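These notes are about the structure you will find just below.
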Amino acid sequence: SQEELLNVVAQYNADPKVDGILVQLPLPKHINEQAVLDAICLDKDVDGFHPQNIGSLAMRGRDPMFVSCTPKGCMELLKRSGVQVAGKTAAVVGRSNIVGLPAALLLQNADATVTMVHSRTPNAEEVVRAADIVIAACGKAEMVKGDWLKPGAVVIDVGINAVDDPSAKRGYRLVGDVAFAEAAEV
């Protein structure tokens with residue numbers, strides 16, 4: 001129950017042996033996600049979801065205590081791959097609090113020009129096609145098609161989606177938010 005989960009969070013907040021708390025999202029529908037995340041102490045918010053952490057990420061010259069791990073991992077992947085971010089155009093497909101928003105803020109902080117693409121973006125294909133860097137995190141199987149990408153674009157697909165596949169042992173297979181076979185041809 002929500003009460004039980006909040007009690008566990010309170011116990012972990014009070015326990016000096018616990019350095020951080022990470023709540024696996026999404027939570028079941030009967031549990032208020034915001035109430036649970038708000039109950040986590042700022043100094044144990046290793047997901048970086050606390051308003052002060054995300055607010056610090058959004059403000060130039062401030063450093064959040066923690067940053068969401070997947071967006072931070074995307075930035076590390078770009079860095080280790082030798083991708084120059086400063087001065088590039090970037091499209092983040094998806095605007096979730098978990099990946100999309102923090103990824104856009106991290107790219108912006110690295111001096112990229114960032115556009116967030118979401119369900120209400122009327123020209124999503126055009127925006128993505130103009131981007132030098134694309135981070136796909138929309139939660140829709142193979143939404144970003146190969147013809148959405150320009151040659152030479154750097155694409156990071158953080159999507160994990162199950163699609164029906166009767167030929168697979170489990171009856172499904174996992175795909176990303178980018179149509180990989182099409183994107184690989186660009």
Side-chain angles (χ1 to χ4, degrees), residues 20 22-23 25-26 37 40 42-161 174-186:
L22 186 148
V23 176
L25 301 176
L37 295 177
I40 298 170
L42 172 63
D43 61 340
K44 294 190 180 189
D45 172 40
V46 294
D47 262 331
F49 295 156
H50 189 284
Q52 189 168 336
N53 277 322
I54 199 73
S56 293
L57 182 61
M59 297 179 73
R60 295 195 66 78
R62 300 216 182 167
D63 293 316
M65 291 181 73
F66 299 101
V67 176
S68 186
C69 62
T70 301
K72 189 172 182 177
C74 291
M75 296 304 292
E76 186 67 22
L77 182 59
L78 291 168
K79 178 181 172 185
R80 289 187 188 198
S81 299
V83 175
Q84 177 71 25
V85 175
K88 300 294 184 181
T89 58
V92 177
V93 183
R95 58 180 169 178
S96 73
N97 291 331
I98 298 171
V99 180
L101 178 60
L105 292 170
L106 287 167
L107 286 162
Q108 181 175 296
N109 289 342
D111 297 321
T113 300
V114 183
T115 303
M116 292 181 73
V117 175
H118 50 79
S119 61
R120 300 284 190 251
T121 303
N123 57 341
E125 295 175 38
E126 182 181 317
V127 171
V128 173
R129 195 173 299 114
D132 302 306
I133 299 168
V134 177
I135 297 180
C138 59
K140 296 202 183 266
E142 300 179 323
M143 179 178 151
V144 178
K145 306 298 184 195
D147 62 359
W148 287 32
L149 304 169
K150 72 178 181 182
V154 175
V155 180
I156 300 177
D157 184 354
V158 299
I160 302 172
N161 307 284
L174 297 178
V175 299
D177 293 344
V178 177
F180 179 79
E182 293 179 24
E185 297 296 320
V186 176

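Keep in mind that this is a model prediction, so the values were computed, not measured.
- Residues Gly20 and Val46 approach most closely at CA-CG1, 3.6 Å, considering heavy atoms.
- For the pair Gly100 and Val92, the tightest heavy-atom approach, listed with the atom from each and the gap, is O-CG1, 3.6 Å.
- One N or O on the side chain of Glu182 and one on the backbone of Gly146 form a donor-acceptor pair closer than 3.5 Å.
- Judged by distance alone, the side chain of Arg129 and the main-chain N or O of Asp147 form a donor-acceptor pair under 3.5 Å.
- Put simply, the side chain of Asn53 gets close to the backbone of Met65: a donor and an acceptor are under 3.5 Å apart.
- The closest donor-acceptor contact from the side chain of Ser68 to the backbone of Pro71 lies at 3.5 Å or more, if one exists at all.
- Using a 4.5 Å heavy-atom threshold, the side chains of Ile156 and Leu78 count as touching.
- Residues satisfying the side-chain contact (heavy atoms from CB on, under 4.5 Å) criterion with Thr115, sequence neighbours excluded, are Val127.
- Looking at Asp47, its side chain never comes within 3.5 Å of a backbone N or O of Val67 through a donor-acceptor pair.
- The nearest pair of heavy atoms linking Met116 to Gly94 is CE-O, 3.7 Å.
- The shortest distance between side-chain heavy atoms of Asn97 and Ile54 does not fall below 4.5 Å.
- For the pair Leu57 and Pro102, the minimum side-chain heavy-atom distance is below 4.5 Å.
- A side chain to side chain donor-acceptor pair (under 3.5 Å) check over residues 71-91, counting only residues at least two apart or in different chains, returns the pairs Glu76-Arg80, Thr89-Asp132.
- Within the 4.5 Å cutoff, side-chain heavy atoms of Leu37 are placed close to those of Leu25.
- In the displayed structure, Asn161 atom CG is contacted under 6.0 Å by more than 12 heavy atoms of other residues, nucleotides or ligands.
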Original post:
Under the side chain to side chain contact (heavy atoms under 4.5 Å, CB included) criterion, do Val93 and Asp177 qualify, and how do the steps go?
Top reply: CA-CA 9 Å; Val93 183; Asp177 293 344; over 6 Å; no

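- Nearest heavy-atom pair, Ala110 versus Met75, reported as atom, atom and distance to 0.1 Å: CB-CE, 3.8 Å.
- At a threshold of 4.0 Å, the pair Asp111-Arg60 counts as salt-bridged, since one of the basic side-chain nitrogens sits closer than that to a carboxylate oxygen.
- Within the model, atoms OG of Ser119 and CZ of Arg95 stand 5.0 Å from one another, a figure rounded to the nearest 0.5 Å.
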Subject >> Test log, rule side chain to side chain contact (heavy atoms under 4.5 Å, CB included), inputs Ile98 and Thr70 >> reply: CA-CA 8 Å; Ile98 298 171; Thr70 301; 5.7 Å; no

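- The nearest pair of heavy atoms linking Ala90 to Ala112 is CB-CB, 4.3 Å.
- When every heavy atom of Val99 is checked against every heavy atom of Ala137, the shortest pair comes out as CG1-CB, 3.5 Å.
- The number of heavy atoms from other shown groups lying within 6.0 Å of CG (Leu174) is above 12.
- Rounding to the nearest 0.5 angstrom, the gap separating the CZ atom in Phe180 from the CD atom in Glu142 is 11.0 Å.
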**OP:** List the steps and the verdict of side chain to side chain contact (heavy atoms under 4.5 Å, CB included) for Leu107 and Ile135.
**Re:** CA-CA 10 Å; Leu107 286 162; Ile135 297 180; 3.8 Å; yes

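- For the pair Leu149 and Val155, the minimum side-chain heavy-atom distance is below 4.5 Å.
- Here Lys44 contributes atom NZ and Phe66 contributes atom CZ; the two are 10.0 Å apart, rounded to the nearest 0.5 Å.
- Heavy atoms of other residues, nucleotides or ligands lying less than 6.0 angstrom from NZ of Lys140 number 12 at most.
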